[in-house]
Amino acid sequence: GTGTQRLELSSVSISFGGIRALREVSLTVEAGTICGLIGPNGAGKTTLFNCVTGVYQPDSGQIRWDGVELTALPRRQIIKHRVARTFQNVALFPELDVIENVMLGAHHRDRAGVAAAALRLPRFRRQERDLRQQAAEILGSLGLERFAAASPEDLTLGTAKRVELARALMSEPKLLLLDEPASGLVHSEVRELGEVIRTLRERYDLTVVLVEHHMELVMSLADHVAVLASGQRLAYGPPAAVQNDPAVIAAYLGSA
Ligand code: ATP
């Protein structure tokens, strides 16, 4: 990178058949900041993540991160530019324990090697040791060390979601895209999650985009909030300003 760890979307558009999921969306997220991305269901939030991570190619527009044009890059390359995401639904491997699931987050470094290491094949023993140690440190930074040997099936949703966060961190990202990390969590877990995200940003020097329906979390965490509605950027600014924006209020009421 060039040391300008800023995410910049310029006029990004993508359609699926007749659905214009993103319409000329522009957005800048400065290094080290948290940008909340909100909007009614179907607004295009997940699609935006899919465009940044190379799952989809925008029909038009540019996406730059850390001075690199991501728009035409394959997913694999984008991960190498230290972009990671979590997903709306938890997807841990039940046949692996927690720490092995976290280790798999390093798969971009050497897919076959890491997978084999996680599965304890002898010729990858040294690599396994290093990865295991790194995964243990990350679990520690999330307060999850005691779950290292647990089965994902025995975790509460709140813990499983934090394990997913740990797995994303295992790829050593600088840009972290979080897709509804608070969904399904109880109130106390949401508060903890807020603390955790704040701590991780400091510790790993992260730039964060947070898609979230939980308004209290977004408004307390985000430096700036962008509002999408029907694929368009409706508003952008500091949380308090966005919250009181009549166009934003109307968009939410209109979708209720
Ligand atoms: P939610 O808050 O419900 O998760 P969202 O803001 O993340 O919604 P998206 O999932 O990005 O919204 O969807 C935006 C629009 O694009 C929706 O109308 C959706 O049906 C459509 N869409 C997204 N991906 C595809 C796809 N692969 N094929 C067809 N349509 C899609």
Side-chain angles (χ1 to χ4, degrees), residues 7-29 34-63 65 70-76 78 83-92 157-158 160-161 164-165 168 175-186 189-190 193-194 197 207-222 224-237 239 242-243 245 247-256:
L7 176 67
E8 267 181 298
L9 280 77
S10 336
S11 214
V12 172
S13 297
I14 185 169
S15 296
F16 301 101
I19 298 167
R20 296 169 70 195
L22 294 175
R23 310 185 197 198
E24 301 191 10
V25 172
S26 296
L27 179 66
T28 300
V29 184
I34 298 178
C35 178
L37 185 57
I38 64 172
N41 292 329
K45 305 180 296 293
T46 299
T47 301
L48 190 146
F49 277 8
N50 283 329
C51 287
V52 174
T53 54
V55 176
Y56 298 135
Q57 290 284 328
D59 300 328
S60 58
Q62 277 88 44
I63 300 172
W65 156 246
L70 297 185
T71 327
L73 293 182
R75 238 196 288 195
R76 229 176 27 260
I78 292 173
V83 177
R85 77 186 287 185
T86 62
F87 292 87
Q88 220 165 312
N89 299 311
V90 174
L92 298 169
L157 181 64
K161 288 207 144 201
E164 293 235 304
L165 200 46
L175 175 62
L176 184 60
L177 310 174
L178 301 175
D179 202 346
E180 298 193 27
S183 73
L185 302 193
V186 299
E189 290 175 323
V190 175
L193 180 70
I197 294 172
T207 303
V208 178
V209 185
L210 171 68
V211 164
E212 190 49 71
H213 285 291
H214 199 289
M215 282 309 135
E216 224 179 288
L217 181 66
V218 175
M219 296 302 168
S220 67
L221 263 187
H224 296 92
V225 175
V227 185
L228 284 182
S230 306
Q232 284 182 298
R233 194 181 101 173
L234 196 69
Y236 173 84
V242 165
Q243 212 165 6
D245 186 322
V248 174
I249 294 164
Y252 273 92
L253 293 178
S255 75

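As the structure is a prediction and not an experimental result, all values here were calculated from the model. Both counts, for ligands and for their atoms, begin at 1 and track the order of listing.
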### Query
Does the side-chain contact (heavy atoms from CB on, under 4.5 Å) test come out yes or no for L48 and L177, once each step is laid out?
CA-CA 10 Å; L48 190 146; L177 310 174; over 6 Å; no
### Task
Could you tell me which residues satisfy salt bridge (charged side-chain N to carboxylate O under 4.0 Å, His left out) with E212, sequence neighbours excluded, listed by chain and number?
none
### Message
Contact between E216 and V190 at the side-chain level, heavy atoms closer than 4.5 Å - yes or no?
### Response
no
### Query
Do W65 and I78 come close enough that some side-chain heavy atom pair is under 4.5 Å?
no
### Query
Looking only at atom types and distance, does a side-chain atom of K45 sit under 3.5 Å from a main-chain N or O of G39, one as donor and one as acceptor?
yes
With the criterion set at N/O pairs under 3.5 Å, what does the list of contacts between the protein and ligand 1 look like, atom names and distances included?
unit_1	atom_1	unit_2	atom_2	d
ligand 1	2 (O)	N41	OD1	3.4
ligand 1	2 (O)	K45	NZ	2.7
ligand 1	2 (O)	H213	NE2	3.0
ligand 1	3 (O)	N41	OD1	3.2
ligand 1	6 (O)	A43	N	3.1
ligand 1	6 (O)	G44	N	2.9
ligand 1	6 (O)	K45	N	2.9
ligand 1	6 (O)	K45	NZ	2.8
ligand 1	7 (O)	T46	N	2.9
ligand 1	7 (O)	T46	OG1	2.9
ligand 1	8 (O)	G42	N	2.9
ligand 1	11 (O)	T46	N	3.4
ligand 1	11 (O)	T47	N	2.9
ligand 1	11 (O)	T47	OG1	2.6
ligand 1	12 (O)	G44	N	3.2
ligand 1	27 (N)	Y56	OH	2.7

### Task
Test D179 against E164 for side-chain contact (heavy atoms from CB on, under 4.5 Å), laying out the working first.
CA-CA 11 Å; D179 202 346; E164 293 235 304; over 6 Å; no
